[in-house]
Student: 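Handing you this structure, nothing more for now.
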Amino acid sequence: MPTYFQRPENALKRANEFIDVGKEQRALDALYDVIKSKKHRTWQKIHEPIMEKYLQLCVDLRKSHIAKEGLYQYKNICQQVNINSLVDVVRKYIALAEERTEAARQESHQTVLDIDDLDLPDSPERSCHLDTMGQIPVGELSPVFRPAQKQLQGRTSLSGHRPARIKELSAL
């Protein structure tokens, strides 16, 4: 449900209040309502901090498609009056995105360093796997497939199975 603000400053204050209580999505919605509102189509100085907060929330919430829509609306607001404001906002958005990307890259790199080598021979899974493999002699089937092997050995070629197919199935 969109909330219409008499002044854009009120929307910015409301968004900050939502952020303080941990409702970033509601703050983003409040700022988006101001940006897309036809009532606030003429560029004012307050639109720039609104867009900065809006883009910060988009980066934090990972909503690039909403950021794109907001930038499109902001372009419509400021293209006739102050195009430099749009340039500044886009540069700040790119800087925020790069900062967030670098932080994620560092975090993933640290996670990779924290994980031990998965191919260590002394891992419990690997030793259990080797024990299981070592118990079954190479020409025999595992105990699970032995009943099927006995059934296949009892059949003759007259029952519709080809002898080559029986050998193939028993090799499993």
Student: Parallel, tilted or perpendicular, judged at 30° and 60°: which one describes the rings of Tyr54 and Tyr32?
Tutor: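 Answer is parallel, since the angle falls under 30°.
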
Student: For the side chain to side chain contact (heavy atoms under 4.5 Å, CB included) test, which of Lys36, Gln79, His47 pairs with Tyr74?
Tutor: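 That would be His47; it is the only one of Lys36, Gln79, His47 passing the side chain to side chain contact (heavy atoms under 4.5 Å, CB included) with Tyr74.
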
Student: For Ile19 and Leu57, work out which heavy atoms get closest and say how close.
Tutor: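 Heavy atoms only, the tightest pair is CD1-CD2, 3.8 Å.
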
Student: Go through it in stages, so that I can follow the logic: the residues are Leu55 and Met51, the test is side chain to side chain contact (heavy atoms under 4.5 Å, CB included), and I'd like the CA-CA distance, side-chain angles, deciding distance and then a yes or no.
Tutor: CA-CA 6 Å; Leu55 292 173; Met51 276 305 294; 4.1 Å; yes

Student: Phe18 and Ile46: same hydrophobic cluster, using ILVMFWY side-chain contacts below 4.5 Å?
Tutor: no

Student: Taking a hydrophobic cluster as the set of Ile, Leu, Val, Met, Phe, Trp and Tyr residues connected by side-chain heavy atoms closer than 4.5 Å, whether directly or through intermediates, do Ile66 and Ile94 fall within one such cluster?
Tutor: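 Yes.
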
Student: Does some side-chain heavy atom of Glu48 sit less than 4.5 Å from a side-chain heavy atom of Glu52?
Tutor: yes

Student: Taking all atoms of both residues into account, what is the closest heavy-atom pair of Leu71 and Tyr93, and its distance?
Tutor: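 For Leu71 and Tyr93, the tightest heavy-atom pair comes out as CD1-CD2, 4.0 Å.
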
Student: Between Gly70 and Ile35, which heavy-atom pair has the shortest distance, and what is it?
Tutor: O-CG2, 3.9 Å

Student: Take Val34 and Leu12 through the side chain to side chain contact (heavy atoms under 4.5 Å, CB included) test and state the conclusion after the steps.
Tutor: CA-CA 9 Å; Val34 169; Leu12 187 59; over 6 Å; no

Student: When you group the ILVMFWY residues by side-chain heavy-atom contacts below 4.5 Å and let the links chain together, are Tyr72 and Ile50 in the same group?
Tutor: no

Student: Give me the atom names and distance for the closest heavy-atom approach of Ala30 to Ala11.
Tutor: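 Closest pair (atom of Ala30, atom of Ala11, distance): O-CB, 4.3 Å.
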
Student: So with a 6.0 Å cut-off around CD of Glu102, is the heavy-atom count from everything else above 12?
Tutor: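 Atom CD in Glu102 is packed in, count exceeds 12.
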
Student: Under the salt bridge (charged side-chain N to carboxylate O under 4.0 Å, His left out) test, which residues partner Arg62, sequence neighbours left out?
Tutor: none

Student: Is the side chain of Ser85 donor-acceptor paired with the backbone N or O of Asn82 at a distance under 3.5 Å, no angle test?
Tutor: no

Student: With side chain to side chain donor-acceptor pair (under 3.5 Å) as the test, would you mind laying out the steps for Glu69 and Gln73 before giving the verdict?
Tutor: CA-CA 6 Å; Glu69 178 63 27; Gln73 295 294 332; 3.0 Å; yes

Student: Side chain to side chain contact (heavy atoms under 4.5 Å, CB included) between Lys68 and His65: does it pass, once the steps are laid out?
Tutor: CA-CA 5 Å; Lys68 180 182 174 183; His65 59 285; 5.5 Å; no

Student: Side chain to side chain contact (heavy atoms under 4.5 Å, CB included) between Val21 and Glu17: does it pass, once the steps are laid out?
Tutor: CA-CA 7 Å; Val21 295; Glu17 290 171 2; over 6 Å; no

Student: Measure across Leu86 and Cys78 and return the closest heavy-atom pair with its distance rounded to 0.1 Å.
Tutor: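 Between these two residues, the closest heavy atoms are CB-SG, 3.5 Å.
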
Student: Nearest 0.5 angstrom please: Glu24 CD to Lys63 NZ, how far?
Tutor: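 Those atoms lie 11.5 Å apart.
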
Student: Taking all atoms of both residues into account, what is the closest heavy-atom pair of Ala27 and Ala15, and its distance?
Tutor: CB-O, 3.4 Å

